[in-house]
There are 2 protein chains.
Amino acid sequence: MAARAARRSYEELARHLSGIGAVRREMVRGFPQDCPPASAAVLTLLHKYGEMRIGRLSELMAIDMSVTSRHVSHVEERGWLERHADPQDGRSRLLRLTERGSRQLDRLAEATTEALEGFLHDWTDEDIARLNEMLERLRESFGDSRAPRLLHEDTPETTARH
Amino acid sequence: MAARAARRSYEELARHLSGIGAVRREMVRGFPQDCPPASAAVLTLLHKYGEMRIGRLSELMAIDMSVTSRHVSHVEERGWLERHADPQDGRSRLLRLTERGSRQLDRLAEATTEALEGFLHDWTDEDIARLNEMLERLRESFGDSRAPRLLHEDTPETTARH
DNA sequence: TATTGTTATACTCTATAACTATA
DNA sequence: TATAGTTATAGAGTATAACAATA
């Protein structure tokens, strides 16, 4: 439609995408000291999707494998995950959450909930659900062009028995 | 309402807030080589809100003044803004976009529009407008608790005559 | 020869603290 | 004495390229 209006909308969205980092930093402020956001993301995804290889994790995080490798090492050093042999491929190892990792994840969820409850006290459940839907769609719109259908192919959500 | 459901929503939102960085990086990929995202933000805000001091800019960007100072220096070195004496306060200087800065901003808007048009080709104008509204509200919900009513007090939008 | 993962290097962004200059 | 801004230092996150091991 009105190309002029669309252009302004795009620029506004660009501004918001830049500014959203501040929101993230604010939320992360309450995280445990030795658990930087990237480690939290590793733990969260490993819980949500179950045991996986580095390559898949890097696609889920949408960052380079080299970076993912370092994040995973950090998490492993703290005993929150273990690397097990991959029976299907000797080059890979499977990442698996440990008991301690699960407990750390609980603390993280606690901190997250507390922070978001505070900031979003005047949002209804429906407001938050709608925002989540739009952000999900946004990520898909961007991700599809780069890592075709990786976020869709399988979503165990059940394999996360620790 | 259902506290359990709300908690899951919060955790999902936390995941999205972490993941949104990938969206931002993807968008930024098309930016001019010598114009990192932070410089783009400086230019954009200076255009939108008009000439201002470092302190105000740092509040708009929601980052520490020391960081803002460095970003501004980077932008100034490229001739995209100038610092003018502040008649009201000898400690401050007013940041003003230059002609070259405006041209750089045009190139940025071009790149942004092109990227977003590509990624969001199946979004309607209304979809994007709704997303913008929610992100705006999200920032307010987080920002209000830290820098009370700074985003609201004045929004010239007209002072941006370069 | 191609793929999986790791390591080395460099760049961007951010915060804290110490400092200078002006109010 | 307090405030606006700058600089030094450190830490987190990311990408690219070179490398090792396995497919």
Side-chain angles (χ1 to χ4, degrees), chain A residues 17-42 52-78 81 83-95 146-147 150, chain B residues 17-42 52-78 81 83-95 146-147 150:
Chain A
L17 289 178
S18 295
I20 212 73
V23 170
R24 175 175 161 279
R25 282 195 302 279
E26 204 64 39
M27 178 189 70
V28 152
R29 218 173 284 272
F31 278 14
Q33 180 56 31
D34 58 342
C35 188
S39 298
V42 169
M52 67 179 80
R53 314 192 298 180
I54 293 256
R56 175 148 155 74
L57 183 58
S58 82
E59 282 166 336
L60 287 170
M61 296 181 75
I63 57 179
D64 192 87
M65 204 190 294
S66 65
V67 182
T68 310
S69 178
R70 278 203 0 210
H71 291 326
V72 164
S73 294
H74 184 271
V75 173
E76 186 189 29
E77 283 162 15
R78 273 148 195 79
L81 69 75
R83 311 196 206 210
H84 294 85
D86 182 347
Q88 309 202 338
D89 190 334
R91 296 169 300 182
S92 301
R93 279 175 299 173
L94 296 174
L95 311 176
R146 189 192 42 204
L150 211 159
Chain B
L17 288 178
S18 294
I20 211 73
V23 171
R24 175 175 162 280
R25 282 195 301 281
E26 203 63 40
M27 178 189 71
V28 153
R29 219 173 283 272
F31 278 13
Q33 180 57 31
D34 57 342
C35 188
S39 297
V42 169
M52 67 179 81
R53 314 191 298 181
I54 293 256
R56 176 148 156 73
L57 184 58
S58 81
E59 282 166 336
L60 287 170
M61 295 182 76
I63 57 178
D64 193 85
M65 204 189 296
S66 65
V67 181
T68 310
S69 178
R70 278 204 359 211
H71 291 324
V72 165
S73 294
H74 184 273
V75 173
E76 186 189 28
E77 283 162 15
R78 273 148 193 79
L81 69 75
R83 311 196 205 210
H84 294 84
D86 182 347
Q88 309 202 337
D89 191 334
R91 297 168 301 183
S92 300
R93 280 175 298 172
L94 295 173
L95 310 177
R146 190 192 42 204
L150 212 159

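Each chain gets a letter, A, B and so on, in the order its sequence line appears, and its residues count up from 1.
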**OP:** Evaluate the side chain to side chain contact (heavy atoms under 4.5 Å, CB included) criterion for residues B:Leu60 and B:Met52: first the C-alpha distance (whole Å), next the side-chain angles of each, then the deciding distance (0.1 Å), finally the verdict.
**Re:** CA-CA 11 Å; B:Leu60 287 170; B:Met52 67 179 81; 3.6 Å; yes
Subject >> Toward the 5' end of DNA chain D, by each residue's nearest nucleotide, A:Val67 or B:Ser69 >> reply: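 So the residue in question is B:Ser69.
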**OP:** Evaluate the side-chain proximity of A:Arg24 to B:Ile20: yes if any heavy-atom separation is below 4.5 Å, no if none is.
**Re:**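 Side chain of B:Ile20 against side chain of A:Arg24, heavy atoms only: no contact under 4.5 Å found.
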[N] [atom2] sits how many Å from [X] [atom1], rounded?
{"X": "B:Phe31", "N": "C:dT12", "atom1": "CZ", "atom2": "C1'", "result": "14 Å"}
{"X": "B:Glu59", "N": "C:dT14", "atom1": "CD", "atom2": "P", "result": "16 Å"}
{"X": "B:Asp64", "N": "D:dT7", "atom1": "CG", "atom2": "P", "result": "14 Å"}
{"X": "B:Met65", "N": "C:dC19", "atom1": "CE", "atom2": "P", "result": "19 Å"}
{"X": "B:Asp89", "N": "D:dT3", "atom1": "CG", "atom2": "C1'", "result": "8 Å"}
{"X": "A:Leu57", "N": "D:dT14", "atom1": "CG", "atom2": "P", "result": "11 Å"}
{"X": "A:Ile54", "N": "C:dT3", "atom1": "CD1", "atom2": "C1'", "result": "15 Å"}
{"X": "A:Leu95", "N": "C:dT6", "atom1": "CG", "atom2": "C1'", "result": "13 Å"}

Of the options [options], whose atoms approach the side-chain atoms of [X] most closely?
{"X": "B:Arg91", "options": "C:dT4, C:dT7, D:dA4", "answer": "D:dA4"}
{"X": "B:Pro36", "options": "C:dT12, D:dA4, C:dT16", "answer": "C:dT12"}
{"X": "A:Arg83", "options": "C:dT6, C:dC13, D:dA4", "answer": "C:dT6"}
{"X": "B:Pro37", "options": "D:dT6, C:dC13, D:dG13", "answer": "C:dC13"}

**OP:** Classify the side chain of A:Arg70 and the base of D:dT14 as holding, or not holding, a donor-acceptor pair under 3.5 Å.
**Re:**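 Flag set: donor-acceptor pair detected.
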**OP:** Please state whether the base of C:dT4 and the side chain of A:Arg93 form at least one donor-acceptor pair under 3.5 Å?
**Re:**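 Answer no: no donor N or O sits under 3.5 Å from an acceptor.
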Looking only at side-chain N and O atoms, does [X] come under 4.0 Å of OP1 or OP2 in [N]?
{"X": "A:Arg25", "N": "C:dA15", "result": "yes"}
{"X": "A:His71", "N": "D:dT14", "result": "yes"}
{"X": "A:Ser92", "N": "C:dG5", "result": "yes"}

**OP:** Taking A:Arg25 for its side chain and B:Ile63 for its backbone only, find out whether a donor-acceptor pair lies under 3.5 Å.
**Re:**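 Side chain of A:Arg25 to backbone of B:Ile63: no pair is present.
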**OP:** Give the intermediate values and the outcome of salt bridge (Lys or Arg N to Asp or Glu O under 4.0 Å) for residues A:Asp89 and A:Arg53.
**Re:** CA-CA 10 Å; A:Asp89 190 334; A:Arg53 314 192 298 180; 3.6 Å; yes
**OP:** Have a look at B:Ser66 and say if it touches a base, only the backbone sugar-phosphate, or nothing, with a 4.0 Å heavy-atom cut-off.
**Re:**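 B:Ser66: base contact, heavy atoms under 4.0 Å.
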Original post:
For residues B:Arg78 and B:Ser73, is any side-chain donor paired with an opposing acceptor at under 3.5 Å?
Top reply: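 Short answer, no.
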